[in-house]
Engineer: 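Encoded as structure tokens, here's the structure I'll be asking about.
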Amino acid sequence: MDLIKKLEDLSKRYEVVTEMIADPALVKDQAKYKDVMRENQYLSVLMDLYSEYKKVLAGIEEDTRLITEEEDHDMKELAREELKELEERKPQLEEEIKLKLIPPDPLDEKNIILEIRSAAGGDEASLFVRDLWEMYCHLAERKGWKTETMEAQETEVGGFNKIVTSISGKFVYGTLRWESGVHRVQRVPVTESQGRLQTSTVTVAVLPEAEETEIDIKPGDVRVDVMRAGGPGGQCVNTTDSAVRLTHIPTGIIVIQQDEKSQIKNKAKAWQVLRARLFDLEQSKKDAERSAVRKTMVGNGDRSEKIRTYNYPQDRITDHRINLSVHNLPGFMMGNMDDMLDALNVYAKEEQFKNAAELSSD
């Protein structure tokens, strides 16, 4: 892939987009306006990098000329020093540009539905569900995101068999999209009297939230049942038909919502979760059909895939997809996980760029 040619093509596109923004009629189509503004933001960052890149290339050419042709010794030395700096900056800048050449996924700006469930490990797994949920809540608090618990199935030991949370804010899905999968914990459970190490697992699903206009659900495809809520919750929960169950007949997806005392609120949350699951299912199908896209994913996207291990005795978190280990597990569990999340996103972009380069050379 010719980097200069690619950047020149994008420069021409940037001019077109700039003209589109200047057209007052654009704001009348809000969907198009949003897409154009997103593209403009993406291209403006690239154009800033391209401008710097051209200056670096011009500087290298000029300094090389001065070293060859200039008779003044001091001028030659200054040129040599500057040339060294520019030649160091050039590959760094090229890497920055290559990563930015991958257009942002529109899904990255979406809010998410976060589902965490216990898998193997009984009570210890349910406790780790709570630990992971608190970890993501701490991260959300640090980033200024809003969280709302939609469903929580608490266990007697204080953990969760399942907890569903909506997280809204800036670039939520783009930050957490690679968290889906099996998370494994190795530690001595608080319930273990003999001090034996136990390995437990939980599953995490990160679902991009879908607007009503983005997913077409035919009314006849969904059966709505109302019932009395089960489990703890006081007199009101168990004596009114406040719980709602939605069954999407074509896919067999079932959503049960009973955390709210209001049937209306439970139904609204149930529809929110159902839309997210169907949207996620649709996106997964599209990815499976585009083998080129699948190559760019961090792992295979399968929720049965073990993606990360939290080893408490060794104070180590290891992501198995990118072979990265970091320490300070207590800090990580407090939501200080940016290094890991950034590494996953950089790896994904690098793989996308390699794949795009391979396709363009075919």
Side-chain angles (χ1 to χ4, degrees), residues 1-22 36-105 108 170-171 174-175 178 292-293 295-298 319 321-328 336-362:
M1 183 186 291
D2 189 312
L3 194 61
I4 296 293
K5 184 180 183 304
K6 180 68 175 175
L7 289 168
E8 274 301 311
D9 290 343
L10 289 172
S11 179
K12 292 174 184 175
R13 175 60 185 170
Y14 185 51
E15 291 176 8
V16 173
V17 170
T18 302
E19 290 178 5
M20 291 171 68
I21 291 174
V36 170
M37 293 304 294
R38 185 188 294 117
E39 185 179 8
N40 178 69
Q41 185 178 15
Y42 159 66
L43 289 173
S44 64
V45 173
L46 261 176
M47 290 305 101
D48 287 343
L49 288 171
Y50 185 30
S51 177
E52 183 184 352
Y53 188 56
K54 285 190 287 188
K55 288 178 182 176
V56 168
L57 293 179
I60 289 174
E61 184 179 348
E62 176 63 14
D63 288 336
T64 302
R65 186 191 66 78
L66 286 172
I67 292 168
T68 305
E69 301 176 5
E70 182 61 53
E71 295 182 358
D72 187 290
H73 177 74
D74 291 339
M75 285 290 289
K76 279 191 173 187
E77 284 304 308
L78 285 172
R80 283 194 183 96
E81 289 178 14
E82 186 179 75
L83 181 62
K84 183 181 177 182
E85 292 177 2
L86 291 174
E87 286 182 333
E88 288 176 355
R89 177 58 179 152
K90 181 173 175 278
Q92 296 172 354
L93 198 52
E94 287 173 344
E95 284 304 307
E96 288 179 43
I97 291 171
K98 286 176 183 177
L99 290 179
K100 290 293 183 183
L101 278 175
I102 304 299
D105 189 331
D108 286 347
K170 186 177 180 180
F171 208 70
T175 303
W178 307 117
V293 175
K295 289 180 185 177
T296 70
M297 296 185 69
V298 179
D319 196 286
R321 298 162 296 180
I322 56 175
N323 296 318
L324 174 66
S325 291
V326 297
H327 293 273
N328 186 20
N336 298 309
M337 51 194 300
D338 298 83
D339 289 346
M340 181 74 77
L341 296 174
D342 289 345
L344 284 163
N345 278 296
V346 168
Y347 178 82
K349 282 188 174 292
E350 287 175 344
E351 290 301 301
Q352 280 182 287
F353 184 80
K354 288 178 189 175
N355 190 55
E358 287 173 8
L359 290 175
S360 65
S361 63
D362 288 344

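We use all heavy atoms of the structure for the numbers below, so side chains are in, but hydrogens, waters and symmetry mates are not. For this chain, numbers begin at 1 and follow the sequence in order.
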Engineer: Counting C-beta onward and ignoring hydrogens, is there a side-chain heavy-atom pair between L49 and L7 closer than 4.5 Å?
Structural biologist: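 Not touching, per the 4.5 Å side-chain cut-off.
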Engineer: Side-chain contact, heavy-atom cut-off 4.5 Å: Y53 with L3?
Structural biologist: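 Of all side-chain heavy-atom pairs linking L3 with Y53, at least one is under 4.5 Å.
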Engineer: If every non-hydrogen atom of V36 is compared with every non-hydrogen atom of M20, which pair is closest and at what distance?
Structural biologist: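 That closest heavy-atom pairing would be CG2-CE, 3.5 Å.
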Engineer: State whether R89 and E82 are salt-bridged, where the test is any N-O pair (Lys NZ or Arg NE/NH1/NH2 against Asp/Glu carboxylate O) under 4.0 Å.
Structural biologist: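 No, no charged N to carboxylate O under 4.0 Å.
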Engineer: Do the charged groups of E81 and K84 touch, with an N to O distance under 4.0 Å?
Structural biologist: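 Salt bridge: no.
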Engineer: Do the side chain of S51 and the main chain of M47 share a donor and acceptor less than 3.5 angstrom apart?
Structural biologist: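 Between the backbone of M47 and the side chain of S51 there is no qualifying donor-acceptor contact (under 3.5 Å).
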Engineer: Distance from D63 atom CG to E70 atom CD, nearest 0.5 Å?
Structural biologist: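 D63 atom CG to E70 atom CD measures 11.5 Å (nearest 0.5 Å).
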Engineer: If you count the non-hydrogen atoms of other residues, nucleotides and ligands that lie under 6.0 Å from NZ in K54, is the total more than 12?
Structural biologist: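 Atom NZ in K54 is crowded, with more than 12 foreign heavy atoms closer than 6.0 Å.
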Engineer: Working to the nearest 0.5 angstrom, can you tell me the gap between T175 OG1 and N345 CG?
Structural biologist: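 Here the rounded value is 7.0 Å.
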Engineer: Out of curiosity, I322 CD1 to L344 CG, how far, rounded to the nearest 0.5 Å?
Structural biologist: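 So the gap between those two atoms works out to 4.0 Å.
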Engineer: Measure the spacing between CG of L57 and OH of Y50 and express it to the nearest 0.5 Å.
Structural biologist: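 Reported value, rounded in 0.5 Å steps: 8.5 Å.
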Engineer: Return the minimal non-hydrogen interatomic distance between K76 and I67, and the atom names on each side.
Structural biologist: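 Heavy-atom minimum between the residues: CE-O, 3.2 Å.
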Engineer: So do E52 and K55 actually touch side chain to side chain, heavy atoms under 4.5 Å?
Structural biologist: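 A side-chain contact is absent here, since even the closest heavy-atom pair is not under 4.5 Å.
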Engineer: Between R80 and E77, does at least one N-O distance fall below 4.0 Å, as a salt bridge requires?
Structural biologist: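 Here R80 pairs with E77 in a salt bridge, since their nearest N and O are under 4.0 Å apart.
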Engineer: Atom CD in E39, atom OH in Y14: separation rounded to 0.5 Å?
Structural biologist: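 The CD atom of E39 sits 11.0 Å away from the OH atom of Y14.
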Engineer: I21 versus V17: any side-chain heavy-atom pair under 4.5 Å?
Structural biologist: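 A side-chain contact exists here, since the closest heavy-atom pair is under 4.5 Å.
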Engineer: Could you give the distance from NZ (K100) to CG (D48), rounded to the nearest 0.5 Å?
Structural biologist: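 Taking NZ in K100 and CG in D48, the distance rounds to 10.5 Å.
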Engineer: Surrounding CD of Q41 (heavy atoms of other residues, nucleotides or ligands, distance under 6.0 Å), is the total greater than 12?
Structural biologist: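 For Q41, atom CD is not crowded (no more than 12 foreign heavy atoms under 6.0 Å).
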Engineer: Considering the options R13, K5, K12, which one meets the side chain to side chain donor-acceptor pair (under 3.5 Å) requirement together with D9?
Structural biologist: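 The side chain to side chain donor-acceptor pair (under 3.5 Å) with D9 is passed solely by K5 among R13, K5, K12.
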Engineer: Would you say that more than 12 heavy atoms from the other residues, nucleotides or ligands in this model lie under 6.0 Å from the CD of E61, or not?
Structural biologist: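 No.
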Engineer: Taking the side chain as every heavy atom from C-beta outward, state whether R321 and Y347 have any atom pair closer than 4.5 Å.
Structural biologist: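 The answer is no, as the side chains (C-beta and beyond) never meet within the 4.5 Å cut-off.
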Engineer: Side chains of L43 and T18: closer than 4.5 Å at any heavy-atom pair?
Structural biologist: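 No, too far: nothing below the 4.5 Å cut-off.
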Engineer: How close do A343 and L324 get, heavy atom to heavy atom, and via which atoms?
Structural biologist: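 That would be CB-CD2, 3.6 Å.
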Engineer: Regarding K6 and D2, does a basic nitrogen lie under 4.0 Å from an acidic carboxylate oxygen?
Structural biologist: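 Looking at D2 together with K6, the answer is no, because their closest N to O distance does not fall below 4.0 Å.
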Engineer: How far apart are the C-alpha atoms of L10 and L101, what are their side-chain angles, what is the distance that settles it, and do they pass the side-chain contact (heavy atoms from CB on, under 4.5 Å) test?
Structural biologist: CA-CA 9 Å; L10 289 172; L101 278 175; 3.4 Å; yes
Engineer: Looking at K90 and E94, is any side-chain nitrogen of the basic one under 4.0 Å from a carboxylate oxygen of the acidic one?
Structural biologist: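 Answer for the salt bridge query: yes.
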